[in-house]
Amino acid sequence: MDRRTFVSLAAAGAAGPLLSGAAAAQPVPKARNIVMVHGLFADGSCWSDVIARLQPKGFNITAVQNPLTTLPEAVAAAQRAIAMQNGPTVLVGHSFSGMIVTEVGVDPKISALVYVAARAPDAGEDYTALAKQYPPPPASAGIVWSDDWGQLSEAAFLRDFAGDLPAAKARVLYAVQAPFNKELLTGKTTNAAWRSKPSWYAVSTEDRTINPDLERFMAKRMGAKTIEIKSSHLSLISHPDVIANLILQAAGQA
């Protein structure tokens with residue numbers, strides 16, 4: 001199967017993941033718990049369409065409200081949600097929250113990791129320096145600051161963050177985006193959970209918020225089971241069936 005065909009199938013929800021690296025060799029415990037974490041320019045409701053597809057299958061799902069203040073505080077919010085889970089748990093992160101997944105995914109309750117167009121640093125790695133090895137994504141120029149708090153302008157949100165969503169829906173999401181504190185971007189992870197946990201990665205090929213080639217690099221480095229979706233940064237909203245299926249695989253239920 002050539003890459004164009006694979007991407008087309010993934011976007012339709014029909015493709016399985018490409019298997020690679022250490023993750024492909026690890027058995028996946030069956031999990032009924034899923035903890036989801038959102039990134040910048042969003043809140044926990046961004047997972048709603050994926051949640052609606054998984055809850056009828058009997059999963060216990062928690063969407064963490066990331067405070068978007070500092071990395072330690074964001075990590076603590078995810079840890080509180082994980083502490084409430086009973087049994088194996090899949091930890092899912094979108095965008096910036098890949099930092100959180102990478103840090104807290106070492107928790108013994110976490111059976112698998114899912115990254116959706118997400119950051120995936122190594123332990124102690126300077127993600128900003130890593131990202132600078134690739135052309136800057138257009139969304140970076142669209143951040144509007146008020147003192148130490150940033151959010152995307154409406155034009156950048158619609159064009160560079162949610163580019164494949166209907167404009168009316170994208171504007172609703174723009175209205176509920178949570179501002180983030182500048183200090184959040186200075187944090188570094190101390191763990192790299194993907195080195196010890198089975199991992200999945202959904203690359204957004206039309207991403208204008210994180211460079212798609214950077215996503216591919218991180219997915220390959222972690223040995224993740226990887227799919228590519230012809231999608232904006234918000235594949236969890238524009239392609240919820242594909243993302244739900246990827247999570248099912250990580251939960252050992254597909």
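Nothing here was measured: the structure is a model prediction, and the numbers come from that model.
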For E206, the salt bridge (Lys or Arg N to Asp or Glu O under 4.0 Å) test, sequence neighbours excluded, returns none
In short, ring pair (Phe, Tyr, Trp, His ring centres under 6.0 Å) pairs touching residues 54-80 with sequence neighbours left out are none
Between E228 and E215, is any pair of side-chain heavy atoms under 4.5 Å apart? no
Closest non-hydrogen contact found for A42 with L68 is O-CD1, 4.1 Å
For A81 and V35, the nearest pair of non-hydrogen atoms, with its separation, is CB-CG1, 4.2 Å
Ring pair (Phe, Tyr, Trp, His ring centres under 6.0 Å) pairs touching residues 210-230, sequence neighbours excluded, are none
Contacts of D122 meeting salt bridge (Lys or Arg N to Asp or Glu O under 4.0 Å) (sequence neighbours excluded), chain-then-number -> R195
Taken in chain and number order and not counting sequence neighbours, the residues that satisfy salt bridge (Lys or Arg N to Asp or Glu O under 4.0 Å) with R208 are D160
Minimal heavy-atom distance between S199 and K197, with the atoms involved, is OG-O, 3.0 Å
To the nearest 0.5 Å, atom CD1 of I34 lies from atom CD1 of I61 at 4.5 Å
Residues 38-58 vs salt bridge (charged side-chain N to carboxylate O under 4.0 Å, His left out), sequence neighbours excluded, gives D49-K169, R53-D241
Result for side-chain contact (heavy atoms from CB on, under 4.5 Å) between I229 and one of I243, T205, L246 points to I243
Between Q65 and G44, the two heavy atoms sitting closest are OE1-N, 3.1 Å
Between V203 and I227, is any pair of side-chain heavy atoms under 4.5 Å apart?
no
Exercise answer: donor-acceptor pairs, residues 69-76 side-chain atoms, under 3.5 Å, sequence neighbours excluded:
{"residue": "T69", "atom": "OG1", "partner": "E73", "partner atom": "OE1", "Å": "2.3"}
{"residue": "T70", "atom": "OG1", "partner": "E73", "partner atom": "N", "Å": "3.2"}

In terms of heavy-atom contacts, P121 and G98 come closest through CD-O, 4.5 Å
field: Intermediate values then yes/no, side chain to side chain contact (heavy atoms under 4.5 Å, CB included), L152 and V144
entry: CA-CA 6 Å; L152 282 180; V144 178; over 6 Å; no
Contacts satisfying salt bridge (charged side-chain N to carboxylate O under 4.0 Å, His left out) that involve residues 79-108 (not counting sequence neighbours) are none
On a heavy-atom basis, the closest approach of I237 and C46 is CG1-O, 3.5 Å
So side chain to side chain donor-acceptor pair (under 3.5 Å) across residues 125-149, not counting sequence neighbours, yields E125-R221
Note to self: Can you confirm whether S235 sits close enough to V242 that some side-chain heavy atom of one is under 4.5 Å from a side-chain heavy atom of the other?
What the structure shows: no
Distance col, row N211:CG vs R216:CZ, nearest 0.5 angstrom, shows 8.5 Å
Criterion side chain to side chain contact (heavy atoms under 4.5 Å, CB included) on L54 and M36, from CA distance to verdict
CA-CA 12 Å; L54 294 174; M36 300 172 169; 3.9 Å; yes
Residue pairs meeting side chain to side chain donor-acceptor pair (under 3.5 Å), one or both in residues 175-187, sequence neighbours left out, come to none
Taking C-beta and beyond as the side chain, do V28 and K225 meet within less than 4.5 Å on heavy atoms? yes
Separation between CG (L165) and OG (S238), nearest 0.5 Å, reads 5.5 Å
To the nearest 0.5 Å, atom CG of L91 lies from atom CD1 of I100 at 9.0 Å
Just so I know, are the side chains of F157 and L173 near enough to count as touching, which here means a heavy-atom distance under 4.5 Å? yes
Inset, instruction - Would you confirm whether S45, through its side chain, and S48, through its main-chain N or O, come within 3.5 Å as a donor-acceptor pair? - result: no
By ring pair (Phe, Tyr, Trp, His ring centres under 6.0 Å), H233 pairs with (sequence neighbours left out) H94, F161
Donor-acceptor contacts, no H, no angles, side chain residues 111-120, under 3.5 Å, sequence neighbours left out:
{"residue": "S111", "atom": "OG", "partner": "T89", "partner atom": "O", "Å": "3.4"}
{"residue": "Y115", "atom": "OH", "partner": "T102", "partner atom": "OG1", "Å": "2.8"}

S204 (side chain) donor-acceptor with S232 (main chain) under 3.5 angstrom: yes
d(I110 CD1, I82 CD1) to nearest 0.5 Å is 4.0 Å
Original post:
Are N191 and T189 side-chain neighbours, meaning at least one heavy-atom pair lies under 4.5 Å?
Top reply: no
Student check: side-chain heavy atoms of I210 and P137 closer than 4.5 Å
no
Test T62 against Q85 for side chain to side chain contact (heavy atoms under 4.5 Å, CB included), laying out the working first. CA-CA 9 Å; T62 302; Q85 308 306 310; 3.4 Å; yes
Quiz item: With a 4.5 Å heavy-atom cut-off, do R171 and L158 have their side chains touching?
Solution: yes
Are F180 and F41 close enough, and set up right, to give a ring pair (Phe, Tyr, Trp, His ring centres under 6.0 Å), and what steps lead you there?
CA-CA 8 Å; F180 69 94; F41 321 125; 5.8 Å; yes
Can you check side chain to side chain contact (heavy atoms under 4.5 Å, CB included) on V37 and V92, steps first, answer last? CA-CA 6 Å; V37 194; V92 188; over 6 Å; no
